[in-house]
Amino acid sequence: MKFIAYSIDQDEAPYVNIWAQQHGIEVKAVKDDLTAETAALAAGYDGVSALQMISYDAATLAALGQQGLRFLAVRNVGTDNVDFSALNHEHIRLSNVPVYSPNAIAEFAVTLMLTCLRNLPLVTRQILKNNYHEAKVYIGRELQYQTVGVVGTGHIGQEVIRILNGFGAKVIAYDPFPLKQSPLKFKYVDFDTLIKEADIVDLHVPGIATNHHLINTETLSAMKDQAILINTARGNLVDTPALLQAIKSHALAGAGLDTFEDEPAILTAATAGTLAQDSRWQALLNEERVMVTPHIAYYTDQAVQNMVYRSLDNLKAFVETGHGLTEVTKK
Ligand code: NAD
Ligand code: COI
């Protein structure tokens with residue numbers, strides 16, 4: 001058996017090599033993303049490992065199917081960028097890595113909460129302009145005294161709550177599938193109550209169609225005065241112009257965003273060395289009370305190692321048993 005791994009950079013390459021040596025299985029690592037054009041590279045391999053924010057669209061999956069590939073193992077959690085009907089049409093089986101380090105994303109979400117509470121985006125802008133006194137005027141708030149509303153109590157949401165329990169913050173949460181039991185300290189409330197009562201609204205839900213613009217003009221206007229929004233989940237959960245309006249009108253105190261509505265366009269522009277033309281993106285970057293990061297909440301040594309190993313473990317299991325270890329059949 002032999003596999004091909006797409007989008008492998010310096011950070012992942014050592015783990016690919018270690019896994020290949022440990023298992024005595026050839027894994028070809030390529031830098032390219034998996035697209036309709038690059039699918040030809042997979043000819044002759046038994047499975048594909050991939051990690052990308054651009055879509056696994058119908059053309060890409062058809063091209064993979066033409067090469068006889070039947071196993072696709074993504075190295076991440078979210079599968080919202082996969083065309084499932086094309087996947088089924090090509091009889092390609094999919095796996096993800098549902099738990100590579102929920103703590104990595106949870107720590108980052110809490111970092112964004114603290115960043116916003118202590119006004120660091122504003123402070124940093126002033127200090128970089130050498131405005132020392134102006135950088136000292138932003139009085140902060142303490143996490144301990146905030147009510148944090150965690151939307152989604154899956155793997156990541158639970159880790160966030162665990163960390164927040166350590167800070168002594170009050171935690172309320174909403175999930176249509178609540179945990180039956182948990183050692184964590186928090187209270188389930190309905191979504192509307194969470195939105196109304198939380199000082200910080202923190203999103204940890206998938207970017208599936210039903211969650212599109214979960215945070216919109218209506219929800220933003222129901223949020224507490226001076227509330228903060230944190231989104232490390234998926235960009236499409238938030239209506240960006242509505243958020244910008246809430247920030248500009250000072251209804252919201254700030255936002256910490258690791259994801260954006262149209263990341264492929266930003267990536268394409270960044271790769272071309274040009275400015276992204278999306279005015280929503282530029283407006284977010286210009287907002288002094290918004291902290292924007294480039295989808296890096298997951299990005300730790302621990303997480304990257306697990307992403308590589310578990311995706312290759314999935315491919316091996318697919319070939320040996322016909323089943324992936326963590327197969328995904330629907331979004
Ligand atoms: P998970 O599947 O363990 O948990 C998601 C939870 O959300 C589930 O309990 C589900 O019932 C709940 N949910 C779904 N829709 C909801 C809604 N409208 N309101 C409230 N709850 C809802 O997933 P996870 O591992 O916790 O990951 C969550 C998301 O985080 C992923 O889907 C992915 O989009 C994102 N993510 C981002 C990064 C990053 O680097 N920024 C890394 C990993 C995952
Ligand atoms: C995920 O695992 O779902 C992420 O958002 C990480 C990213 C590298 C795609």
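As the structure lists them, so they are numbered: ligands from 1, and atoms in each ligand from 1.
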### Query
Between Tyr299, Tyr100, Phe177, which one has a non-hydrogen atom sitting closest to atom 43 (C) of ligand 1?
Tyr100
### Query
Between the candidates Val205, Asn211, Asn76, which shows the shortest non-hydrogen contact distance to atom 18 (N) of ligand 1?
Asn211
### Task
Give yes if a backbone or side-chain nitrogen or oxygen of Asp258 is under 3.5 Å from a nitrogen or oxygen of ligand 1, and no if not.
yes
### Query
Which is it for Phe191 and ligand 1 at heavy atoms under 4.0 Å: side chain, backbone, both or neither?
neither
## Note on the structure
Within 4.0 Å of some non-hydrogen atom of Tyr174, the atoms of ligand 1 are 19 (N), 20 (C), 21 (N)
### Message
Taking 4.0 angstrom as the limit and counting only heavy atoms of Gly152, give me the atoms of ligand 1 inside it, by number and element.
### Response
7 (O), 20 (C), 21 (N)
### Query
Do Thr232 and ligand 1 have an N or O pair less than 3.5 Å apart?
yes
### Query
What atoms of ligand 2 come within less than 4.0 Å of a heavy atom belonging to Leu51?
8 (C)
## Note on the structure
With heavy atoms and a 4.0 Å threshold, my read on which part of Tyr100 contacts ligand 2 is side chain
### Message
For a side chain to side chain donor-acceptor pair (under 3.5 Å) check, start with the C-alpha distance between Glu261 and Thr240, then their side-chain angles and the critical distance, and finish with the verdict.
### Response
CA-CA 7 Å; Glu261 292 204 55; Thr240 311; 2.7 Å; yes
### Message
Would Ala233 count as a contact residue for ligand 1, given that I'm defining contact as a non-hydrogen atom of the residue lying under 4.0 Å from a ligand atom?
### Response
yes
#### Entry: Close N or O approach (Ile156, ligand 1; < 3.5 Å)
yes
### Query
Can a salt bridge be assigned to the pair Lys129 and Glu134 using a cut-off of 4.0 Å between side-chain N and carboxylate O?
no
### Message
Show the atoms of ligand 1 that are less than 4.0 angstrom away from any heavy atom in His204.
### Response
5 (C), 6 (C), 7 (O), 28 (C)
### Message
The criterion is salt bridge (charged side-chain N to carboxylate O under 4.0 Å, His left out); which residues satisfy it with Asp80, sequence neighbours excluded?
### Response
Arg234
### Message
So if I count the atoms of ligand 1 from 1 in the order they appear, which ones are less than 4.0 Å from some heavy atom of Ala297?
### Response
39 (C), 40 (O), 41 (N)
### Message
Is the contact between Thr259 and ligand 2 made by the side chain, the backbone, both, or neither, using heavy atoms and a 4.0 Å cut-off?
### Response
neither
### Task
List every atom of ligand 2 that sits less than 4.0 Å from any heavy atom of Val77, numbering the atoms from 1 in the order shown and giving each element.
1 (C), 2 (O), 3 (O)
### Task
Go through ligand 1 atom by atom and flag the ones less than 4.0 Å from a non-hydrogen atom of Val151.
19 (N), 20 (C)
### Query
For Arg234, is the nearest heavy atom under 4.0 Å from an atom of ligand 2?
yes
List the atom pairs, with distances to 0.1 Å, where a side-chain N or O of residues 169-178 and a protein N or O form a donor-acceptor pair under 3.5 Å, not counting sequence neighbours.
| residue | atom | partner | partner atom | Å |
| --- | --- | --- | --- | --- |
| Asp175 | OD1 | Phe177 | N | 2.8 |
| Asp175 | OD2 | Thr153 | N | 2.8 |
| Asp175 | OD2 | Thr153 | OG1 | 3.4 |

### atom 9 (C) of ligand 2 - nearest protein heavy atom and its distance
Asn76 ND2, 3.6 Å
### Message
List ligand 1 atoms under 4.0 Å from Ile105, heavy atoms only on the residue side.
### Response
38 (C), 42 (C), 43 (C)
### Summary
Taking only non-hydrogen atoms of His295 and a 4.0 Å limit, the atoms of ligand 1 in range are 39 (C), 40 (O), 41 (N)
### Message
Can you tell me how far apart OG (Ser249) and CG (Leu244) are? Round to the nearest 0.5 Å.
### Response
10.5 Å
### Message
If we count only N and O atoms by modelled type, under 3.5 Å, do the side chains of Ser55 and Asn81 hold a donor and an acceptor together?
### Response
no
### Under-4.0 Å heavy-atom contact with ligand 2, by part of Gln52 that carries it
neither
### Message
Determine whether any protein heavy atom is located less than 4.0 Å from atom 11 (O) of ligand 1.
### Response
yes
### Message
Among all the protein's non-hydrogen atoms, which is closest to atom 2 (O) of ligand 1, and how far away is it?
### Response
His155 ND1, 4.7 Å
### Query
How close does the nearest protein non-hydrogen atom get to atom 4 (C) of ligand 2, and which residue and atom is it?
His295 NE2, 3.5 Å
### Message
Quick check on atom 15 (N) of ligand 1 - does any protein heavy atom sit closer than 4.0 Å to it?
### Response
yes
